[in-house]
Protein chains: 2
Amino acid sequence: MTTAPTGETRWLTDEEQSVWRSYLHATTLMEDHLDRQLQRDAGMPHIYYGLLVQLSRAPRRRKRMTALARDAKITRSRLSHAVARLEKNGWVRREDCPSDKRGQNAVLTDEGFDVLARSAPGHVAAVRQVMFSRLTPEQVRSLGEIMQVIAGGLQPEGADADLPWLR
Amino acid sequence: MTTAPTGETRWLTDEEQSVWRSYLHATTLMEDHLDRQLQRDAGMPHIYYGLLVQLSRAPRRRKRMTALARDAKITRSRLSHAVARLEKNGWVRREDCPSDKRGQNAVLTDEGFDVLARSAPGHVAAVRQVMFSRLTPEQVRSLGEIMQVIAGGLQPEGADADLPWLR
DNA sequence: TCCATCTAGTTCAACTTTCAAGGAAAGGTC
DNA sequence: GACCTTTCCTTGAAAGTTGAACTAGATGGA
């Protein structure tokens, strides 16, 4: 299976296949590693940690549910469950949105902030260890560009950008 | 928060943070996209598809459970559940290993092979669309190298490779 | 105002993943 | 052979995710 079109299907070249496998391999290992690290050191999966980070950066450490879901790239359903769990831990609480009675704000509690502050150094160290400590500055720059290009092609806006009927 | 060590913790530089966010963003969007694509077109999540692919490439389209779990980078427990589901679909069956009575082979059925053959073109097209169609040949090569380096650092063997007491 | 429609968020059921526990066979070692 | 340890795989319960259905409130006309 090499580079040329076979019938209707344009298969991947050998190099592309190899890159794709390396990609899957590396991303799987990394996600597993970080998930376990955070579960052990912070008592939550990576995605939940990301939610706390989002809230910690938001003005007044709170954010509308929909905005939080959008920024964390998860569904609103998943976020509802996640916030319910984080609320049970006392790390987040819900608050009615004053301007829209349908709305809820997720608010990072002081306790949540402390958990974040305590676990951040270990997490950063893990990220550095699995990724940045192994790459040259040139590779880091290149990886950044590559990921931006890929993400750009998958953005809600961007996804439509090259549909012909949108010009 | 810039580049210098703060107290004990060596935080990420601004560039590293930016790259890390792009990385998380892009990989999340890609995985979601491909998961949905496969769920829709093949009736299974990406990881299950990967199991069928592994089996299709194995001699006699069968593989020991442990080997399959290792190659697919998942736990044996997860694999047991997954194979149970695929077995219910008729795409895989289990078979006792003749040489080791503890062992099981997962065997790709003809029906499983057909599902794979039918869904592969769409999946390849999706992979090409989200990744390869957006990258220059140079970027593809670079991404491959980067992912190999990262994976190398996380391999079961490799993970121990730089622990000081192992020399 | 009335109504259709849209948006925010939750909930339910089905499914997947994880973790800890366990049974059964294989591989030493004495 | 008896015993201990390891390996192979499964199981069950708890946790997490998904997609569809649903409620309540907002929005924009006619």
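Proteins get letters first, then strands, A, B, ... in listed order; numbering begins at 1 in each. Since this is a predicted model, take the numbers as computed values, not measurements.
- Straight-line distance from the CD atom of A/E31 to the P atom of D/dT17: 11 Å, rounded to whole Å.
- Annotation: proximity of residues 53-63 of chain B to DNA chain C (heavy atom, distance under 4.0 Å) is found for no residue.
- Residue contacts for B/I47: at a heavy-atom cut-off of 4.0 Å it reaches the sugar-phosphate backbone alone, with no base atom in range.
- Side-chain contact of A/D41 with A/Q37: a donor-acceptor pair under 3.5 Å is present, judged by distance alone.
- Across the protein-nucleic acid pair, B/K73 atom NZ and C/dT18 atom P stand 15 Å apart, rounded to whole Å.
- With contacts defined as side-chain heavy-atom distances shorter than 4.5 Å, the pair A/L51/A/V92 does not qualify.
- Within residues 82-99 of chain B, the residues approaching DNA chain D are B/R94, by heavy-atom distance under 4.0 Å.
- Remark: P of C/dT7 and CG of A/D100 are 12 Å apart, rounded to the nearest angstrom.
- Across all strands, A/L79 comes closer than 4.0 Å to no nucleic acid atom at all (heavy-atom distances).
- In this structure, A/N105 atom CG and C/dA8 atom P are separated by 13 Å, rounded to whole Å.
- Of all heavy-atom pairs between B/K73 and A/D32, the closest is O-OD2, 4.0 Å.
- Heavy-atom distances to DNA chain C give each of A/Q104 and B/G43 a nearest nucleotide, and the one nearer the 5′ end belongs to A/Q104.
- At a threshold of 4.5 Å between non-hydrogen side-chain atoms, the residues B/V83 and B/Q104 do not count as touching.
- Contact annotation: the side chain of B/V130 never approaches that of B/L29 to less than 4.5 Å [non-hydrogen atoms, C-beta and beyond].
- Regarding A/L51, its CG atom lies at a distance of 13 Å from the C1' atom of D/dG16, rounded to whole Å.
- No side-chain heavy atom of B/Q129 sits under 4.5 Å from any side-chain heavy atom of A/L154.
- For the residue pair A/S142 and B/S142, a side-chain donor N or O sits within less than 3.5 Å of a side-chain acceptor on the partner.
- For A/R76, taking side-chain heavy atoms from C-beta onward, the closest of the listed nucleotides D/dC9, C/dT10, D/dA26 is C/dT10.
- Note: NZ (B/K101) to C1' (C/dG27) measures 16 Å, nearest angstrom.
- Each of B/D35 and B/G103 has a nearest nucleotide on DNA chain D; the 5'-most of these lies closest to B/G103.
- The aromatic rings of B/H123 and B/Y49 are tilted relative to each other, their planes meeting at an angle between 30° and 60°.
- A/R85 places a side-chain heavy atom less than 4.5 Å from the side chain of A/M44.
- In this entry the distance linking CD1 of B/I74 with C1' of C/dT18 reads 12 Å, nearest Å.
- Remark on DNA chain C: of its neighbouring residues B/Y48 and A/A67, the 5'-side contact belongs to A/A67, judged by nearest-heavy-atom nucleotide.
- Counting only heavy atoms from C-beta outward, the side chains of B/M131 and A/E16 never approach each other to under 4.5 Å.
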Atom pairs under 3.5 Å, N or O on each side, protein against nucleotides 19-24 of chain C: can you list them with distances?
unit_1: C/dC19; atom_1: N4; unit_2: B/S77; atom_2: OG; d: 2.6

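- Regarding A/M65, its CE atom lies at a distance of 16 Å from the C1' atom of D/dA24, rounded to whole Å.
- By the 4.5 Å heavy-atom criterion applied to side chains, A/T66 and A/L79 are not counted as neighbours.
- Counting only heavy atoms from C-beta outward, the side chains of A/F132 and B/V19 approach each other to under 4.5 Å.
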